[in-house]
Amino acid sequence: MSRAASIQRRLSWTLVACSVLGLAAPAVALYAAIAWKLERNHQAQLDRRVIKLSDIAQKAERDGVDLAQRLAEYAPRRPGTRLAVFTPDARTLYADADLPAHRLSDQLRTRQFTPVGVAPPMQSLHFRIDIDVAESAELLRWVAGMLVFGVVFGSAGIGAVALWRLRRELLPLKHLTQQVQGLTPGRLATGISSGPPIEELQPWVEQFNALLQRLDQAYAQLESFNADVAHELRTPLNNIIGQTEVALSRERSAERLRDTLSSNLEELQRLAGIVQDMLFLSRADRGAAARRGKPVSLAAVARDVLEFHEAALEERQLQARVQGDALVAVDEPLFRRAASNLLSNATRHGDRGSAVCVHINLLGEDAVQVCVENVGPPIGAEALPRIFDRFYRGDAARADAEAHHGLGLAIVAAIARMHNGHTFARSADGLTRIGFSMQVQRSA
Amino acid sequence: MLRLLVIEDEAKTAHFLRQGLNENGYVVDVARDGEEGRRLALAGDHALILLDVMLPGIDGFTLLGEIRQQRPTPVLMLTAREAVEDRVRGLQAGADDYLIKPYSFAELLARIQALLRRGRGAALRPTKLSVCDLELDLDTRRVTRAGQRLELTPKEFKLLTLFMRRSGQVLSRAVLADQVWNMSFDSDSNVVEVSVRRLRAKIDDPFAPKLLHNVRGMGYVLEERMR
């Protein structure tokens, strides 16, 4: 149930704390400086009194006048102070009269001293002078009040301004949230914008928009893929439904019905094939990785696959061979499948009587490339990148749609991806090369 | 007659399995959920159990474990899930074989027969096979039809051996690709078809009666047909 952390709140509080500290420190220093200065003034005042009183004592001694009388004469000239003089046997020799000028508050500074530069009887006298510092204390209290007031209101002011400013600065985030809320599948590519670019937000906004782009593409792909699948399933389903209805519409001989069922079975097998391949592709899309076995000679495996295609190749009078080799740990069944699909493709499109070649090349240390080359009609530049798309069939339209359902090369691409590789296709000068690469795994 | 147990909750599947297996000479008990399946599996004396992985009540893997603890009856698992992990899990839990939906009935039948054969212990495999006047000698690798020697490539020989061993059984293209060429996936090409056609050109075309037949939508079968 804890509240989510808020940048705004945290920053504001941090700023307030900073300003309290930042304002309080000089305020305290200022207070201390003033207090120290006032205290020095008091002490200087006391020093002056001590000198003056010593002076009076010296003069009284020299002139042989009564000290108490002299002190009494001097008393009116020092209002706000109180003097008492004691003899060594603690008798009061002199004390100021109880006049308003000598009535002091309880804020006092006191100095006790013995006059200097005088002879023995007077030398043993004990002076005590008090000065009233209430005014200074009052001043100090006032300064403290002012300082506390300044610190509190200053900090509050800074906090308020910061909060207001932060609110304004963070406003674009609120706008972004609203924009994200407004995004719907179909309208992802419009992206979001923070209004005028903000240095801190811009990278985030750009990355988010890039992500939206990718999502949008994936979504579009998915949508068209779904449409393709539905379309692809529609033809066999149509055949099954149609011919079953026709067969059932009147009495048929067992022979005829068997025919219909057999034909249905063919269509159903086709559907099953499509479903299997789609499941395979979707597993690959979900990131299923190849289960690599021990290193095998790819040429040996390729020759094995060639043997599978031997009859089909011979039927089209195609000469097939394997060139190059590499010892690589691959998912062998998957590799066989990819090679087989490429060979089927080459068999279909190779010119009768020409040659088909399986090339296996190591690309540096990290990758191996496998491609099948055939002589045949060129593939247009605009079609070339699309041949690995699901259900893509070149211009040949549906001529051989029954024999294959246009997922062969998409499966090759999936197998390449499962081996961290990619596909490529080239078609020039009557030669077509279609293949894929796989990352070579270094044994740890 | 051998008694099989089918544990399958889907009515149509259970129905065609029962009918198909009956017609191939098996007595079939059907259990429609995990509880009933367990009761029948542990009580009855079945030669083999066909077990659907996804069942109401108890799931297939759990049920398999319970059967395994008490009975050595071979179990063939049927599933719509294709994940390799599932396959491994099923085999580890003690399933003897594993078929993924959609499977062809001919394939299922072949697997059942193989499992039942295995249960009886490996019989000595004959080295000489013959169907009608077609003869094949595994030791000398000689193939003759009506006494006439036929020249076959190694793969054609392997293909014919498979057909003759399982004479009368329909073999799908997938089974042929897997067993003869070790291509263990649904190939969308017609390569098997071409290979079978070429084999037929050698063993059947110059002779009568024809032995290697197409079965539309299912595959091929080698047998002598009385007609």
Side-chain angles (χ1 to χ4, degrees), chain A residues 258-277 279-280 282-283 286 288 291 301 304-316 331-334 336-348 400 402-411 415, chain B residues 16 79-88 99-107 152-159 170 172-202 213-221 227:
Chain A
R258 188 172 298 128
D259 253 12
T260 307
L261 282 176
S262 302
S263 168
N264 281 354
L265 190 56
E266 280 171 358
E267 295 296 333
L268 290 167
Q269 300 283 18
R270 219 171 109 196
L271 287 177
I274 293 175
V275 169
Q276 297 283 28
D277 286 353
L279 281 174
F280 177 82
S282 98
R283 266 211 318 282
R286 270 179 285 137
R291 299 155 78 90
V301 179
D304 217 30
V305 177
L306 265 188
E307 222 173 22
F308 178 54
H309 287 261
E310 200 175 35
L313 287 161
E314 270 180 34
E315 201 184 51
R316 289 187 56 91
D331 187 321
E332 199 186 318
L334 290 185
R336 294 173 83 96
R337 185 172 189 176
S340 178
N341 286 0
L342 288 176
L343 272 170
S344 291
N345 189 66
T347 311
R348 263 199 306 279
D400 47 1
E402 248 162 71
H404 72 119
H405 46 64
L407 286 175
L409 292 182
I411 284 172
I415 290 170
Chain B
F16 90 73
T79 179
R81 290 196 283 191
E82 200 187 355
V84 183
E85 290 69 36
D86 266 11
R87 199 182 309 214
V88 171
L99 260 184
I100 293 157
K101 296 175 184 177
Y103 48 82
S104 90
F105 185 73
E107 173 68 6
L152 301 183
T153 67
K155 289 291 172 191
E156 283 167 350
F157 182 82
K158 206 171 170 187
L159 184 59
V170 180
S172 67
R173 285 197 253 170
V175 167
L176 294 175
D178 182 30
Q179 306 254 316
V180 179
W181 290 278
N182 191 21
M183 305 294 283
S184 53
F185 50 85
D186 261 355
S187 169
D188 74 342
S189 69
N190 63 343
V191 287
V192 174
E193 205 176 303
V194 182
S195 298
V196 172
R197 202 152 64 224
R198 287 161 59 89
L199 177 64
R200 183 184 288 135
K202 289 184 179 173
H213 308 279
N214 275 5
V215 184
R216 275 184 78 190
M218 293 169 72
Y220 309 93
V221 60
R227 256 210 281 179

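Not measured: the values here are computed from a predicted model.
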*Minimum-distance pair of heavy atoms, taken over all atoms of A/F308 and B/S195*: O-OG, 4.2 Å

*B/N182 backbone acceptor or donor facing A/R336 side chain under 3.5 Å*: yes

*Which bit of A/T347 is near chain B, if near means a heavy-atom gap under 4.5 Å: side chain, backbone, both or neither?*
neither

_Nearest non-hydrogen partners of A/A312 and B/V191, listed with the distance_ = CB-CG1, 3.6 Å

*What part of A/N345 lies closer than 4.5 angstrom to a heavy atom of chain B: side chain, backbone, both or neither?*
neither

*asked:* Is the shortest side-chain heavy-atom distance between B/P102 and A/Q269 below 4.5 Å?
replied: no

*Would you call A/D304 and B/W181 a side-chain contact if the rule is heavy atoms closer than 4.5 Å?*
no

*asked:* How close do A/S340 and B/M183 get, counting heavy atoms only, and between which atoms?
replied: CB-CE, 3.5 Å

*Which residues satisfy the side chain to side chain contact (heavy atoms under 4.5 Å, CB included) test with A/R258, sequence neighbours excluded?*
A/E255, A/S262

*Are B/M218 and A/L265 side-chain neighbours, meaning at least one heavy-atom pair lies under 4.5 Å?*
yes

*Picking from B/K101, B/R197, B/E156, which has the most non-hydrogen pairs under 4.5 angstrom with chain A?*
B/R197

*By side chain to side chain contact (heavy atoms under 4.5 Å, CB included) - contacts of A/E310 (at least two apart)*: A/E307, A/E314

*List the steps, then state whether salt bridge (Lys or Arg N to Asp or Glu O under 4.0 Å) holds for B/R198 with A/E315.*
CA-CA 9 Å; B/R198 287 161 59 89; A/E315 201 184 51; over 6 Å; no

